[in-house]
There are 2 protein chains.
Amino acid sequence: MRKRIDVEALCVAKGMPMTEQRRVVAKVLSEAEDHPDVEALHARIREIDRGISIATVYRTLRLFEKAGILERHEFRHGRPRYEAAPDVRHDHLIDVETGAVTEFSDPELETLQKQIADRLGYNLVDYRLELYGTKRDRKP
Amino acid sequence: MRKRIDVEALCVAKGMPMTEQRRVVAKVLSEAEDHPDVEALHARIREIDRGISIATVYRTLRLFEKAGILERHEFRHGRPRYEAAPDVRHDHLIDVETGAVTEFSDPELETLQKQIADRLGYNLVDYRLELYGTKRDRKP
DNA sequence: GTAGCTGCAAATCGTTTGCCGATCA
DNA sequence: TGATCGGCAAACGATTTGCAGCTAC
């Protein structure tokens, strides 16, 4: 069960001028249950407003990302995929057969990572963790 | 202390036709102590043989990668970077200020990842872990 | 009113590819 | 010899940008 994030409200809170196009992009992002790429997003956007150009989609995604409203993920083998920025950080497990993404978070893992960085003489400022797997017992 | 890998020997072992150009690319990769990108590699290659084109560099890197002789890493913010494939897997800590890469490996971490995948109903087939940090006590 | 937006088409960037003469085994 | 290679320049695909007109506030 994914927590719905009101992207438009976040934009307004940041004082962004809200155009019709941005509202549509925000709506599509808010409603996405998956982690769509630009092409998928554009397709969904055009279902609502046929005239919105790909340039606007790119511009808007960059804008939202810089504002911290959006996360861009560069998983292996594929174009960047997007999700509305969650309030609690999580990591991703990607199904290598279907591309489906499962979210998870594990405090133990983060502790361990901090320890490793520390041991190497660094302060951990960020990390990227992606698991790639195949579903167990896929057939009946 | 980085273990030197004889890339040319690995190519020969795989039965690749070894041209003058491939020997140069192999040599540069074997001698690299860092994780250079294509541009850096091409620069080093040209120091040995001025005539080798960027197309050849790209073709050769792809060839080596497909043969499992080379690893391509797509760290955040930047072009892909390469290293001769190590025989024991390791992960990377990237200095966000300098781009320098420190290698590490932690069996505990891998166990934990396997457990997480398992808990989510997946068999772990691969993963990507990158730590981003700043050096502690950088100044004297 | 004016700063900032959008659509369009052209530009950009890193990377790949078709062609054809050259090289390797 | 026959398969494979490499250099060149053109092609490519995803993304960005300049411009001129339009919109939010």
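All of these numbers come straight from a predicted model, not from anything done at the bench. Order of the sequence lines sets the chain letters (A, B, ...), proteins ahead of strands, with each chain counted from 1.
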Self-check item: Rounded distance in Å - CD (A:Glu65) to P (D:dT15)
Solution: 12 Å
Quiz item: Within this structure, what is the CD1-to-C1' distance between B:Ile52 and D:dC8, rounded to whole angstrom?
Solution: 15 Å
Quiz item: So, are B:Arg128 and B:Asp91 salt-bridged, with charged N and O less than 4.0 Å apart?
Solution: no
Exercise. May I ask you to test the A:Glu74-B:Glu74 pair for a side-chain heavy-atom distance under 4.5 Å?
Key: no
Quiz item: How long is the line joining CG of A:Leu61 and P of D:dA14, in whole Å?
Solution: 15 Å
Exercise. In whole angstrom, give the distance that lies between atom CE of B:Met16 and atom P of D:dC5.
Key: 9 Å
Quiz item: Roughly how many Å is it from NE2 in A:His42 to C1' in D:dT16, rounded to a whole number?
Solution: 15 Å
Quiz prompt | Distance, rounded to the nearest Å, where B:Glu20 contributes CD and D:dG7 contributes C1' | solution = 15 Å
Practice problem: Figure out the OH/C1' separation between B:Tyr58 and D:dG13, and round it to whole Å. | Solution: 14 Å
Quiz prompt | Side chain proximity check, A:Thr134 to A:Asp95, heavy atoms < 4.5 angstrom | solution = no
Quiz item: Does some side-chain heavy atom of A:Glu108 sit less than 4.5 Å from a side-chain heavy atom of B:Leu112?
Solution: yes
Quiz item: Is B:Lys114 paired with B:Asp126 through a side-chain N to carboxylate O contact shorter than 4.0 Å?
Solution: no
Self-check item: Residue-phosphate contact under 4.0 Å: B:Thr56 side-chain N/O, D:dG6 OP1/OP2
Solution: no
Self-check item: Nucleotides bounding contact with chain A, strand DNA chain C, heavy-atom threshold 4.0 Å
Solution: C:dC5 to C:dC8
Quiz item: Taking C-beta and beyond as the side chain, do B:Arg89 and B:Tyr127 meet within less than 4.5 Å on heavy atoms?
Solution: yes
Self-check item: Sugar-phosphate, base or nothing in reach of A:Ile54, heavy atoms under 4.0 Å
Solution: nothing
Practice problem: Examine D:dT17: is either OP1 or OP2 under 4.0 Å from a nitrogen or oxygen in the side chain of A:Arg59? Give yes or no. | Solution: no
Quiz item: Of B:Gly51 and A:Pro80, whose closest DNA chain D nucleotide lies nearer the 5' terminus?
Solution: B:Gly51
Quiz prompt | Residue met sooner reading DNA chain C from 5', once B:Val38 and B:Met18 are mapped to nucleotides | solution = B:Val38
Quiz item: Would A:Arg76 and A:Glu130 pass as an ion pair if we require N to O under 4.0 Å?
Solution: no
Self-check item: Rounded interatomic separation in angstrom, taking NZ from A:Lys14 and P from D:dC25
Solution: 18 Å
